[in-house]
Amino acid sequence: MGGSEGGSLAVLTGAGISAESGIATFRGMGGLWNDVPIEEVATPRGFAKDPKRVWEFYEARRRQAGSCRPNAGHAGLARLEEILGPERFTLITQNVDGLHFLAGSKNVLEVHGSLWQVRCTGCGVEREDRTVPFEALPPRCDCGSMLRPAVVWFGEYLPEGVFERAVAAAEACALFLVVGTSAQVEPAASLARIASRAGAEVWEVNPEETPLSAISDRSWRSGAGEVMGEVVLAARSLLGC
Ligand code: OAD
């Protein structure tokens, strides 16, 4: 494995890494999308039809995420960034809960946006907002227009420039680590294939098999928090750090 020494690490995380912190995943048992129709709460059409309903859903998610703490999975990735430095480490997350930042990660690409950012539907201004609960729903911008959560809904583009940076990290890395995603949502899922085609090793941490298992060189069929210590050691050995 000497060829990977000095190489960089790109990580893709999904809802599964926050499961041990108490945040519900989207699919599978107890998944959010089993109880809530996606079209109603996570599409531009749903928001146009009933913004209050959409905000009630996101306010509940903000309340939940705000009461949860990062777990050993998040902490292990923050430690790897500390060891490798920002030039050799990119964390690409589909999660909107902000727990990677709370764990101390810095070089984080939130490809699906953040629960803690709001964007004005009128003037377009985007800013951090941690209010829970708002006085009235939907909340309004200073300009008078409705605010929306700055998350990516189905049918929308990813935040400008962010995905391009994720692709660049996938193409350049020696190791691509996939943690806690069912790999069913594009384009995030394709990042591991891009990395694999470019010659990176792909490792997966997930209690279940996913469409990426077939291209993974190594798999841990466990919860991220349980095995992250071992994964960190293996990554350090591969990357020589
Ligand atoms: P999913 O809910 O689709 O998948 C969660 C994955 O985590 C599953 O494969 C589980 O097996 C795995 N998992 C469960 N517990 C775990 C644990 N303790 N450690 C590691 N893995 C565990 O969530 P995502 O793949 O993140 O997008 O979903 C992708 C996107 O679909 C989300 O960002 C969201 C959703 O619709 C938007 O809202 C745009």
Side-chain angles (χ1 to χ4, degrees), residues 11-47 54-55 57-58 60-62 64-65 68-77 91-100 103 108-117 119 148-159 162-163 166 177-193 202-216 218-232:
V11 186
L12 172 68
T13 64
I17 197 168
S18 295
E20 287 156 81
S21 292
I23 298 184
T25 59
F26 295 97
R27 300 171 182 81
M29 247 189 16
L32 269 182
W33 295 152
N34 298 332
D35 301 332
V36 196
I38 291 181
E39 323 72 70
E40 285 179 23
V41 298
T43 62
R45 261 228 315 258
F47 187 69
V54 171
W55 262 112
F57 173 70
Y58 281 95
R61 291 184 62 193
R62 283 158 71 102
Q64 184 190 43
C68 290
R69 306 294 308 158
N71 63 56
H74 301 99
L77 296 179
L91 176 49
I92 306 153
T93 188
Q94 299 166 87
N95 298 346
V96 293
D97 56 35
L99 290 186
H100 284 304
V108 184
L109 300 175
E110 291 181 307
V111 291
H112 289 167
S114 169
L115 280 179
W116 308 111
Q117 292 282 126
R119 186 162 71 244
R148 60 161 282 179
V151 298
V152 176
W153 286 328
F154 286 88
E156 291 188 314
Y157 291 109
L158 304 190
V162 174
F163 194 68
L177 175 62
V178 187
V179 186
T181 178
S182 62
Q184 299 203 14
V185 174
E186 292 295 351
S190 63
L191 290 167
R193 295 193 185 88
V202 176
W203 294 356
E204 181 179 58
V205 180
N206 196 313
E208 314 263 335
E209 279 203 12
T210 78
L212 295 178
S213 304
I215 62 154
S216 297
R218 212 170 155 180
S219 299
W220 282 265
R221 292 272 160 263
S222 306
E226 277 169 72
V227 292
M228 190 53 77
E230 205 182 296
V231 176
V232 168

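Count residues from 1 along the sequence. All values below were derived from every heavy atom in this structure, side-chain atoms included, with hydrogens, water molecules and symmetry-related copies excluded. When a ligand or atom number is given, it counts from 1 through the structure's own listing order.
- A donor-acceptor pair is defined here as one N or O able to donate and one able to accept, closer than 3.5 Å; no such pair exists between the side chain of Asn71 and the backbone of Gly225.
- Looking at Gln94 against ligand 1, both its backbone and its side chain come within 4.0 Å, counting heavy atoms.
- Closest to atom 33 (O) of ligand 1 among all protein heavy atoms lies His112 ND1, 2.8 Å.
- Near Trp33, meaning under 4.0 Å from any of its heavy atoms, are these atoms of ligand 1: 35 (C), 36 (O).
- When Ala19, Ala24, Pro207 are ranked by how near their heavy atoms come to atom 22 (C) of ligand 1, first place goes to Pro207.
- Two residues are said to be in side-chain contact when any heavy atoms from C-beta on lie closer than 4.5 Å; Glu110 and Val96 fail this criterion.
- Ligand-side atoms of ligand 1 in range of Gly223: 17 (C), 18 (N), 19 (N), range being under 4.0 angstrom from any heavy atom.
- By the ring-ring contact (aromatic ring centres under 6.0 Å, His included) test, Phe26 is found to be paired with Trp33, residues two or more places apart in sequence or in another chain being considered.
- The contact set between ligand 1 and Gly14, taken as ligand atoms under 4.0 Å from a residue heavy atom, comprises 26 (O).
- Here's the thing with Ala224: one of its N/O atoms is less than 3.5 angstrom from an N/O atom of ligand 1.
- From the protein, the heavy atom lying nearest to atom 26 (O) of ligand 1 is Ala15 N, 2.8 Å.
- With a heavy-atom cut-off of 4.0 Å, Trp153 does not touch ligand 1 at all.
- Remark: minimum distance from atom 31 (O) of ligand 1 to any protein heavy atom is reached at Arg27 NH1, 3.1 Å.
- Residue contact check: Glu208 has heavy atoms under 4.0 Å from atoms 11 (O) of ligand 1.
- Residue contacts with ligand 1 do not include Gln184, since none of its heavy atoms lies under 4.0 Å from the ligand.
- Nearest to atom 39 (C) of ligand 1 among the protein's heavy atoms is Val152 O, 3.2 Å.
- When only interatomic distances are considered, the shortest N/O to N/O separation between Ile17 and ligand 1 does not fall below 3.5 Å.
- Against a heavy-atom cut-off of under 4.0 Å, Glu20 is close to the following atoms of ligand 1: 17 (C), 18 (N), 19 (N).
- A salt bridge links Arg193 with Glu186: the closest approach of a Lys/Arg side-chain nitrogen to an acidic carboxylate oxygen falls below 4.0 angstrom.
- With salt bridges taken as basic N to acidic carboxylate O contacts below 4.0 Å, none links Arg221 and Glu208.
- Atoms of ligand 1 found under 4.0 Å from any heavy atom of Val185 (numbered from 1 in listed order, with element): 29 (C), 30 (C), 31 (O).
- Shortest contact from atom 6 (C) of ligand 1 to any protein heavy atom: Gly180 O, 3.5 Å.
- Under the 6.0 Å distance and 45° angle rule, Arg148 counts as a cation-pi partner of Trp153.
- No donor-acceptor pair closer than 3.5 Å links the side chain of Gln117 to the backbone N or O of Pro149.
- Protein heavy atom in closest approach to atom 12 (C) of ligand 1: Asn206 OD1, 3.4 Å.
- In terms of N/O distances under 3.5 Å, ligand 1 is not approached by Thr210.
- The closest protein non-hydrogen atom to atom 17 (C) of ligand 1 is Gly16 O, 3.2 Å.
- Of all atoms in ligand 1, listed by their number and element, those nearer than 4.0 Å to a heavy atom of Phe154 are 36 (O).
- Ligand 1 has no atom lying under 4.0 Å from any heavy atom of Ala42.
- Annotation: atom 25 (O) of ligand 1 to nearest protein heavy atom, Thr181 OG1, 2.6 Å.
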